[in-house]
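Working notes, structure below.
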There are 2 protein chains.
Amino acid sequence: MALSKKPYKGTRDFFPADKRVQDYLFEVMRRTAKSFGFEPYDGPLLEEVELYKAKSGEELINDQIYDFTDRGKRHVAIRPEMTPTVARMVAQVHRETPKPIRWFSIPNLYRYERPQRGRLREHWQFNVDIFGAPAEKGEREILQLLITLLKNFGATEKEFRVYVNHREIVDDLCSEVFKVQGETAYQLYKVIDQSKKLKPEALSEKIQALKLPAPELFQEYLALENLAELEDFLKKQKLLEKHAAFFQFINDLKELDLDRYISFDPAIVRGLDYYTGLVFEVFDLHPDNRRAICGGGAYANLLQIFNESPLPGVGFGLGDVTLTDFLKTHQLLPNFEKPENDFFLSFQTDKAELSIQKLAQALRDKGYQVITHLESLKLPKAFKLSEQKGAHVVGLLGEDEWKEKKISLKKLASKEQESFSLDEVEKMLNFYHR
Amino acid sequence: MALSKKPYKGTRDFFPADKRVQDYLFEVMRRTAKSFGFEPYDGPLLEEVELYKAKSGEELINDQIYDFTDRGKRHVAIRPEMTPTVARMVAQVHRETPKPIRWFSIPNLYRYERPQRGRLREHWQFNVDIFGAPAEKGEREILQLLITLLKNFGATEKEFRVYVNHREIVDDLCSEVFKVQGETAYQLYKVIDQSKKLKPEALSEKIQALKLPAPELFQEYLALENLAELEDFLKKQKLLEKHAAFFQFINDLKELDLDRYISFDPAIVRGLDYYTGLVFEVFDLHPDNRRAICGGGAYANLLQIFNESPLPGVGFGLGDVTLTDFLKTHQLLPNFEKPENDFFLSFQTDKAELSIQKLAQALRDKGYQVITHLESLKLPKAFKLSEQKGAHVVGLLGEDEWKEKKISLKKLASKEQESFSLDEVEKMLNFYHR
């Protein structure tokens, strides 16, 4: 029986047209991160499972992780996320590295999921983190960078919105207003996290089950629609002053003209994750694709598992699958079906083959992308192939040209044509240059 | 107990200085491949083990592969090499794709090895293949590309050499001159492959064990030192005419001035691999690092396992670990210790913080890399940090500048300094532009 030609379930083959899309996404990510002075890093694909156990939720470890025991009896996993790796790496160097530490990476990650829209078993994720920045300033820069990234992809406030919340505010509301703690607080967090996905009756049921002393206050919290309403709510509960820094942070974003991208959402808490401060999610505003395309937040204790002194951090992860869906939905993805090349050099007489090769080498030495066809080509085929290969110039060398040691170059867009002696590379580059 | 901060055995953490080296290697690889019109592709990290079983040697499957059974009972492996994946992908599209198909990729690969110089468990490999090219022309282009790549890294014929051989020649010698076939031919191949690594006595012993009818002819073959000697040897054995195309191929390389990078080596057969035609390895010529840094060859039957019609291919794989050793040995690796940035903007009075942020955003919008320091900085520290961050220009905004809504910019190299109104972005970019 013949082998299957399909890729492993939930993964993708990147044919050249797909890989050019990915290269474009990665290029914009890198350019944006570098425009803020962020530096690239990467870690190994495999980590010991202990690392994920120490950091992540149990669900991830139990059901979603690709783990196995290696031939040396080490229990390892293919990374399901980058945060444990970056924490491990920062733990190695943070003492001697000037703060803030600004790092980014674009790792591929594996999760054992049922493949569906926006979710695959293998995806790439743009990870950006800043460590050791002054309070609120790292948070601000991360949101700046995230918004700049989406703008660099051509998106505007019409296409996406960043919904924010703050774990310390939610924590305070839990303990001082909703009056819950311990296991009930944990359950309350879960309800907040699920509140948007639940039907009203199911939500009411879950809230009732919590037996809150004042469930109407919790309902009121969940109904808050914007930052002004949150401010009022906190004021009534005498918690506003304690969280003045958060509202100052929002005000700074206004000064930088970024508030039009940002809303408050009481339901954003980022699950049971390790966040301790600001939490945020970017949502696609298109009715056909209303989903989170990115999430992140601030965390204080990521180095604890390595017995290192605390170092505050803020970061986000943006997956290539959800990003691509977002860009496609808004027709923001350029067309990468065809490659782009400078010259497609063909010959119509076999004698010319090595001359074409020599010329190609000379043009490549000048930094140009040159395809040579490796056997004699009739003219219509030469034009068709150069068009398919996205060449700007087609080179033709038939019997007539051969007699004079010449080549004819023709620009595919303007149809302009000229012939050159085979050694007149400079003249050719006056005729066509990038 | 605190968790280990070390990466998994045999893998590397890429801190920014390391990642910049890797990015440089990958950039030169991509640029070189594209200069020949090769197109990028990638495949999944995991493949079903069946694929490797069908294609690879047993040793790889048994001892070196990272395989495990997923939660859906699929037997999968982390890719130990890219060839099976590219074969699987080409098998999907080769019928409707114009030939030749020129593809490249830079995947990370895993092999369970004892870590040592040049060998790690995780490495990246530049994979370049051309499919469906006319006989000898694809081979020539692959060697051209490989040599161009090493030249683009700054290497010359003093630093490396490409050793070539041809499987059809070795096959013919086996059957017609050494008079072996079946299992003995297989053993003979093994001896050829190991001949360089064995001591003379051990080699003699192995040859004796083969019980060749004329062992002195085999010894004579192994002693051949260059293409002229091979030509003589084949002539004596009346096999020269049959392999005229190989010598024509070598002659074409001479015409393209590439013969000075190329030698014949009778010991190169590329193991028991799937090659069927040209085989080659690149060796570092430095006495401290005399090892193969790259290998490749031509293969005819890679699509067979998919029940597809034959499609000839030629390709090579070049690993990042061996390449880095090579470049370091010859001091060809640029220094990437520090990042490179355009502006490092600092303030010496807290009032100026948001003004600095606005200016940074305006400069980033013009395509510049701008670091802002997020808290007030004394001048000596500002200079030190901007130097560490590889900034070309440091921005200073203290009480004096604040009164006039100005910023002082100073070029770190020339010490040239000027002050600008905070909104004079164009003037700043006349003062400094990339």
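By convention in this document, chain letters (A, B, ...) are assigned in the order of the sequence lines, proteins followed by strands, and residues within each chain are numbered from 1.
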- prompt: Out of Phe306(B), Phe38(B), Tyr112(B), which one racks up the most heavy-atom pairs below 4.5 Å with chain A?
  reply: Tyr112(B)
task: Would you please say whether a donor-acceptor pair under 3.5 Å links the side chains of Gln369(B) and Asp342(B)?
output: no
- line: Among Gly367(B), Gly72(B), Pro40(B), Gly43(B), the residue with the most heavy-atom pairs under 4.5 Å to chain A is Pro40(B)
field: Structural part of Ser105(B) lying under 4.5 Å from a heavy atom of chain A
entry: neither
- prompt: Can you tell which of Lys5(B), Lys19(B), Lys137(B) has the highest number of heavy-atom pairs within less than 4.5 Å of chain A?
  reply: Lys5(B)
- request: Counting only heavy atoms closer than 4.5 Å, note whether Leu363(A) contacts chain B via side chain, backbone, both or neither.
  value: neither
task: Among Leu45(B), Asp18(B), Ile371(B), single out the residue with the greatest number of heavy-atom pairs under 4.5 Å to chain A.
output: Leu45(B)
- prompt: Should we say atom CZ of Arg114(B) is surrounded by more than 12 heavy atoms from elsewhere, each under 6.0 Å from it?
  reply: no
query: Using the ring of each side chain (for Trp, its six-membered ring), is Phe26(A) parallel, tilted or perpendicular to Trp124(A), with breaks at 30° and 60°?
result: tilted
- line: Okay, Lys389(B) and chain A: the region with an atom under 4.5 Å from a heavy atom over there is side chain
message: Please classify the contact between Val76(B) and chain A as side chain, backbone, both or neither, with a heavy-atom cut-off of under 4.5 Å.
response: side chain
query: Contact part of Glu50(B) toward chain A, heavy-atom cut-off under 4.5 Å: side chain, backbone, both or neither?
result: both
field: Under 3.5 Å side-chain donor-acceptor pair for Asp252(B) and Gln248(B)
entry: yes
message: Show, in sequence, the C-alpha distance, side-chain angles and deciding distance for Ile65(A) and Arg111(A), and conclude whether the side-chain contact (heavy atoms from CB on, under 4.5 Å) test is met.
response: CA-CA 6 Å; Ile65(A) 207 164; Arg111(A) 291 193 188 203; over 6 Å; no
- line: If one checks every heavy atom of Gln144(B) against chain A at 4.5 Å, the contacting part turns out to be side chain
task: Would you mind checking which part of Glu141(A) comes under 4.5 Å of any heavy atom in chain B, side chain (CB onward), backbone (N, CA, C, O), both or neither?
output: side chain
field: Residue, of Ser4(A), Ala17(A), Gly10(A), Pro44(A), that accumulates the most heavy atom pairs under 4.5 Å with chain B
entry: Pro44(A)
- prompt: For Gln361(B), is it the side chain, the backbone, both or neither that has a heavy atom under 4.5 Å from a heavy atom of chain A?
  reply: side chain
- prompt: Ile130(B) versus chain A, heavy atoms under 4.5 Å apart: side chain, backbone, both or neither?
  reply: side chain
statement: Okay, Lys6(B) and chain A: the region with an atom under 4.5 Å from a heavy atom over there is backbone
task: Counting only heavy atoms closer than 4.5 Å, note whether Asn108(B) contacts chain A via side chain, backbone, both or neither.
output: side chain
- prompt: Does a salt bridge link Lys9(B) with Glu113(B), judged by any charged N lying under 4.0 Å from a carboxylate O?
  reply: no
- prompt: With only heavy atoms counted, which part of Asp23(A) is less than 4.5 Å from chain B, the side chain, the backbone, both or neither?
  reply: side chain
- prompt: In terms of side-chain geometry, is the basic nitrogen of Arg12(B) or Asp320(B) positioned less than 4.0 Å from the acidic oxygen of its partner?
  reply: yes
- request: Flag the pair Tyr110(A) / Tyr66(A) as yes when their ring centroid distance falls below 6.0 Å, and as no otherwise.
  value: yes
Axial cation check for Phe249(B) ring with Arg140(B), 6.0 Å and 45° limits: no
Contact leader toward chain B among Leu354(A), Thr69(A), Asp13(A), Thr11(A), where contacts are heavy-atom pairs under 4.5 Å: Asp13(A)
field: Flag for Gln22(B)-Asp42(A): side-chain donor and acceptor within less than 3.5 Å
entry: no
- request: Decide yes or no on side-chain contact (heavy atoms from CB on, under 4.5 Å) for Leu46(B) and Ile78(A), but give the supporting numbers first.
  value: CA-CA 10 Å; Leu46(B) 293 181; Ile78(A) 306 178; 3.8 Å; yes
- request: Below 4.5 Å from any heavy atom of chain A, which atoms of Pro134(B) appear? Answer side chain, backbone, both or neither.
  value: side chain
query: Among Glu255(A), Glu340(A), Glu48(A), Lys151(A), which residue forms the greatest number of heavy-atom pairs with chain B at distances under 4.5 Å?
result: Glu255(A)
query: Which value, rounded to the nearest 0.5 Å, describes the distance between Glu47(B) atom CD and Arg79(B) atom CZ?
result: 8.0 Å
field: Proximal component of Arg31(B), with respect to chain A [non-hydrogen, under 4.5 Å]
entry: neither
query: Any idea how Trp103(B) and Phe131(B) line up, ring-wise: parallel (<30°), tilted (30 to 60°), or perpendicular (>60°)?
result: perpendicular
statement: One option among Val93(A), Thr32(A), Asp365(A) has the most heavy-atom pairs under 4.5 Å with chain B, and it is Val93(A)
- prompt: Around Lys254(B), counting heavy atoms of other residues, nucleotides and ligands shown, do more than 12 lie under 6.0 Å from its NZ?
  reply: no
field: Interface moiety of Pro98(B) toward chain A, non-hydrogen atoms closer than 4.5 Å
entry: side chain
task: Compute whether any side-chain donor of one residue and acceptor of the other, for Tyr52(A) and Asp67(A), lie under 3.5 angstrom apart.
output: no
message: Heavy-atom pairs under 4.5 Å with chain B: which of Phe68(A), Tyr41(A), Phe36(A), Tyr368(A) has the most?
response: Phe36(A)
- prompt: For Asn152(B), is it the side chain, the backbone, both or neither that has a heavy atom under 4.5 Å from a heavy atom of chain A?
  reply: neither
task: Could you have a look at His373(A), Met89(A), Lys358(A) and say which one has the most heavy-atom pairs with chain B under 4.5 angstrom?
output: Met89(A)
field: Interface residue of largest heavy-atom contact number with chain A, from Asp70(B), Thr85(B), Leu385(B), Asp257(B), under 4.5 Å
entry: Asp70(B)
- request: Could you tell me whether Glu39(B) and Arg20(A) make a salt bridge, using a distance below 4.0 angstrom between a side-chain N and a carboxylate O?
  value: yes
